[in-house]
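Note sheet for the following structure.
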Amino acid sequence: MAFASFLCHFPISFKSIAPRHDVRMGFSLRSNGSEFCGQRVARVGVNMHRDWSFLGGSKIISTPKVARCALYQKGSGVFTSLLSGSQLASSVFSLGTVAVLPFYTLMVLAPNAELTKKSVESSIPYVVLGLLYAYLLYLSWTPETLRMIFASKYLLPELPGIVKMFSSEMTLASAWIHLLVVDLFAARQVFHDGLENQIETRHSVSFCLLFCPIGILTHVITKALTRRSRNA
């Protein structure tokens, strides 16, 4: 009785205390590299862990994984074509300039040499530069080119249209080749005329390289002064 009374005054609660065992099963979800609107997206991962215990049950813990997400633009065909066109225009500009220099050098430094006469008589530089010019013209020519050239109601070129047309590197490179061919041809004519009439042409040929109209003008003046000197 006394023991029963003691239990009534001091209640004791008995609970089964089970040891907690945590079992973690981890797995990660990764997205493979994909493309979106032409952009390449690097892999981005998320770590997910499953936490399980006798008391708390099971639960899934999602932990964001810090990943580098790199975006880079794929080279499109338009960008590649523009880049190659710019490189082509620059290369042709330099190549054409270097190609005509030996002919001017021979006409100025050795006007009476046989090598100079044979090289000046050759039509090879005009054929090569002419084909190159035709190719550049083909690449740069568009239906809008005619509208820019003949923009006025009288179908005459106007300066704003020409400025807009030459804003393209390809068009500018073709115009440069055009000038090189015409200037070299004019220099050759001046050189031949000087040989026939025994007139000094080295200064006129030099001007034809950079300032062709001035080179032709100086040749005309030189020819007139030479004839007057001979007649006197």
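The shown structure was predicted, so the numbers you read here are calculated from the model rather than taken from an experiment.
Within 6.0 Å of OH on Tyr104 lie more than 12 heavy atoms contributed by other residues, nucleotides or ligands. Around the CG atom of Leu101, the shell of radius 6.0 Å holds more than 12 heavy atoms that belong to other residues, nucleotides or ligands. Other residues, nucleotides and ligands place more than 12 heavy atoms under 6.0 Å from the CZ atom of Arg230. Within a 6.0 Å sphere centred on NZ of Lys164, other residues, nucleotides and ligands contribute 12 heavy atoms or fewer. Within 6.0 Å of CZ on Phe211 lie no more than 12 heavy atoms contributed by other residues, nucleotides or ligands.
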TODO: Using the side-chain contact (heavy atoms from CB on, under 4.5 Å) rule, take Leu139 and Leu88 through it: C-alpha gap first, then chi angles, then the decisive distance, then the call.
DONE: CA-CA 11 Å; Leu139 293 179; Leu88 177 62; 3.5 Å; yes
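At a threshold of 4.5 Å between non-hydrogen side-chain atoms, the residues Tyr126 and Leu184 count as touching. In this structure, the side chains of Glu200 and Thr226 stay at 4.5 Å or more apart for every pair of heavy atoms. With contacts defined as side-chain heavy-atom distances shorter than 4.5 Å, the pair Val120/Met107 qualifies. Looking at heavy atoms from C-beta onward, Val92 lies out of side-chain contact with Tyr135 at the 4.5 angstrom threshold.
Atom CG in Leu195 sits 6.0 Å away from atom NZ in Lys117 (nearest 0.5 Å). To the nearest 0.5 Å, atom OH of residue Tyr138 and atom OG of residue Ser174 are 14.5 Å apart. Once rounded to the nearest 0.5 Å, the distance linking CE of Met165 with OG1 of Thr142 reads 9.5 Å. Leu131 contributes atom CG, which lies 12.0 Å from atom CD1 of Ile177 (distance to the nearest 0.5 angstrom). If you take CG on Leu217 and OG1 on Thr222, they are separated by 9.0 Å, rounding to the nearest 0.5 Å. Here Leu95 contributes atom CG and Leu129 contributes atom CG; the two are 8.0 Å apart, rounded to the nearest 0.5 Å.
Leu137 and Ile162 fall within a single hydrophobic cluster, where Ile, Leu, Val, Met, Phe, Trp and Tyr are joined by side-chain heavy atoms under 4.5 Å apart, directly or via other members. Note on Leu180 and Leu106: separate hydrophobic clusters, where clusters join Ile, Leu, Val, Met, Phe, Trp and Tyr whose side-chain heavy atoms are under 4.5 Å apart, directly or indirectly. Grouping the Ile, Leu, Val, Met, Phe, Trp and Tyr side chains by contacts below 4.5 angstrom, directly or via other members, places Leu210 apart from Val220. A continuous path of Ile, Leu, Val, Met, Phe, Trp and Tyr side chains, each step under 4.5 Å between heavy atoms, connects Ile214 with Phe185, placing both in one hydrophobic cluster. Hydrophobic cluster membership is shared by Leu132 and Trp141, with clusters built from Ile, Leu, Val, Met, Phe, Trp and Tyr side chains linked at under 4.5 angstrom.
Side chain of Thr97 to main chain of Phe93: a donor-acceptor pair is present (N/O by atom type, distance under 3.5 Å, no hydrogens or angles). The closest donor-acceptor contact from the side chain of Ser206 to the backbone of Arg202 lies under 3.5 Å. Between the side chain of Asn231 and the backbone N or O of Arg227, at least one donor-acceptor pair lies under 3.5 Å. Side-chain atoms of Thr218 come within 3.5 Å of backbone atoms of Gly215 as a donor-acceptor pair (strictly under, hydrogens ignored). Of the possible donor and acceptor atoms, one in the side chain of Ser119 sits under 3.5 Å from a partner among the backbone N and O of Thr116.
Shortest non-hydrogen contact noted between His192 and Glu121 is CE1-OE2, 2.8 Å. Residues Ile216 and Cys208 approach most closely at N-SG, 4.2 Å, considering heavy atoms. Across all non-hydrogen atoms, the minimal contact from Val205 to Ala187 is CG2-O, 4.0 Å. Closest heavy-atom contact between Thr171 and Ser140: OG1-CB, 3.4 Å.
Classified by interplanar angle (parallel below 30°, tilted 30° to 60°, perpendicular above 60°), the ring pair Tyr133/His178 is tilted.
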